[in-house]
Amino acid sequence: ESPLDVDRLRADFPVLDRTVASGAPLAFLDNAASTQRPRQVIDAISDCYERYYANVHRGIHTLSEESTSRYERARETVATFVNAAHTHEVIFTAGTTASINTVARTWGDANLKSGDVILLTIAEHHANIVPWHQLAERTGCRVEFISVDENYNIETDVVAAALAKHQPKLFAFVAASNTLGTEFPVRQWTQLAHESGANVLVDAAQSAPHRRLDVQDWDADFVAFSGHKICGPTGIGVLYGKEKLLEAMPPFLGGGAMINEVTTSGFTCAALPDKFEAGTPPIAQAIGLEAAIEYVRAIGLDNIAAHEHLLCERADSALRALDGVQIVGPTPDKKGGIVSFHLPGIHAHDVSQTLDRDGIAVRAGHHCTMPLHHFLNLNSTTRASFYFYNTLDEADRLIDAIVSLKKKFAPSGRRRRRSQG
Ligand code: PMP
């Protein structure tokens, strides 16, 4: 039984009451792409713009001081949320993508040289692949991948062997795959990487919204996640980095706020975290993110995980039982609330378009994991992804819709004849 009072939570989300173009009520199962926002987050953003918004850090006037203190309070809330040792280890960025690019451009350019290796898993999102390809182009370093096994998982001894073989400078991996849903043992892998002399970057985009996050327990050197997947605004994300590493890293973007002094011949850097926050930061977004984190913490990450597990189990087991449905991902005990599947002979875009007519929002395509899809020999998959406001009824609607979709697309005699002609 779910520990959550989902009806009460859903009342906080105005958008969940709407219907789609066909008139069907919305079942929003595209949360791995982006979540919805509760009234509390929308209000925090409006409140900022209506009552105290001004640029931060620079002005010595009431509104700027209020904005600055709310912006910095948001940083403290994030630091507590991830259990950072220091508040200034939390850098606000535009999102996971910006966070990873920052590490690649600064730590990467400063520390990698020709022949060095960046180790990734094949399950990475493009945001944790392309910046390393770009770094390889700049420095001559190499990117290597660890494959997933037939259970859509990676066993720890396989990670240990890859670390021993490649001796990477950095092991960058996803805590929970946005396509497979697989959750990897971050603490264990980080420890192995450190023992082999590698630094670790964790892409926590799909884990921060769903699981308790403790960067000190993980002992990761860098952790990245996005606000919009945790009920917060778009345009805000987090780069956590260990103080020592961040202090040694050169800045990435140059401009206002990141400097101590500028002269005609050069500049000196501001201290952390300002060093990595050039220009006017996403102020209202940070304040919205704080409201989102408070909202999610009040529900309880363990309760969220338990609720999502129920929904995942329901959808996963029902779809697995259907003929002609291939679940692309491990069993529910090994994953978060993500069920990706493939219906041989039916294009994922047709699946998602048909489901949309029933009000069910899912994602179809490669989900920014093209190397993974190539590895699995799939062009595309359909992905249902749950959050705490989804109901068992919505999971059942998904199952029913797939059952009738399979009937509709089943090759009839007429269709076969036509395609032969
Ligand atoms: N990594 C993973 C695992 C993701 O799921 C996503 C978002 N789909 C990203 C990175 C990129 O996040 P953003 O688009 O917010 O930068």
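Both counts, for ligands and for their atoms, begin at 1 and track the order of listing. These numbers come from a predicted model, not from an experiment.
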Exercise. Is T96 touching ligand 1 with its side chain, its backbone, both, or neither, if touching means heavy atoms under 4.0 Å apart?
Worked result: both
Problem set entry | side-chain contact (heavy atoms from CB on, under 4.5 Å) partner of K242, the single match among N199, D219, V215 | D219
Exercise. Does ligand 1 have any atom sitting under 4.0 Å from a heavy atom of H126?
Worked result: no
For this session: Please write down residue, atom name and distance for the protein heavy atom closest to atom 8 (N) of ligand 1.
Result: K229 NZ, 2.7 Å
Exercise. Do R39 and D12 meet the salt-bridge criterion of a basic N to acidic O distance under 4.0 Å?
Worked result: no
Exercise. Between R397 and D393, is there a side-chain N and carboxylate O pair less than 4.0 Å apart?
Worked result: no
Exercise. Is it true that a side-chain atom of H347 and a backbone atom of H349 form a donor plus acceptor pair closer than 3.5 Å?
Worked result: yes
Seminar exercise, completed: Exactly one candidate in T381, N379, T179 meets side-chain hydrogen bond (donor to acceptor under 3.5 Å, both in side chains) with H373; the answer is T381
Problem set entry | Closest protein heavy atom (residue, atom, distance) for atom 16 (O) of ligand 1 | T97 OG1, 2.5 Å
Exercise. By number and element, which atoms of ligand 1 are closer than 4.0 Å to a non-hydrogen atom of V174?
Worked result: 3 (C)
For this session: Starting from atom 2 (C) of ligand 1, find the nearest protein heavy-atom neighbour and note its residue, name and distance.
Result: D203 OD2, 3.4 Å
Exercise. Nearest heavy atom to atom 15 (O) of ligand 1: which of S226, A175, A123, A176 does it belong to?
Worked result: S226
Problem set entry | Close approach, N128 and ligand 1, non-hydrogen under 4.0 angstrom | no
For this session: Please confirm whether H367 and H125 have ring centers closer than 6.0 angstrom.
Result: no
Exercise. Under a heavy-atom criterion of less than 4.0 Å, does E124 contact ligand 1?
Worked result: no
Exercise. Does any non-hydrogen side-chain atom of N151 lie less than 4.5 Å from one of K334?
Worked result: no
Problem set entry | atom 5 (O) of ligand 1: nearest protein contact (heavy atom, Å) | Q206 NE2, 2.7 Å
Problem set entry | Protein heavy-atom partner closest to atom 4 (C) of ligand 1 - residue, atom, separation in Å | H125 CD2, 3.4 Å
Exercise. Thinking salt bridges, do D214 and R187 make one under a 4.0 Å N-O criterion?
Worked result: no
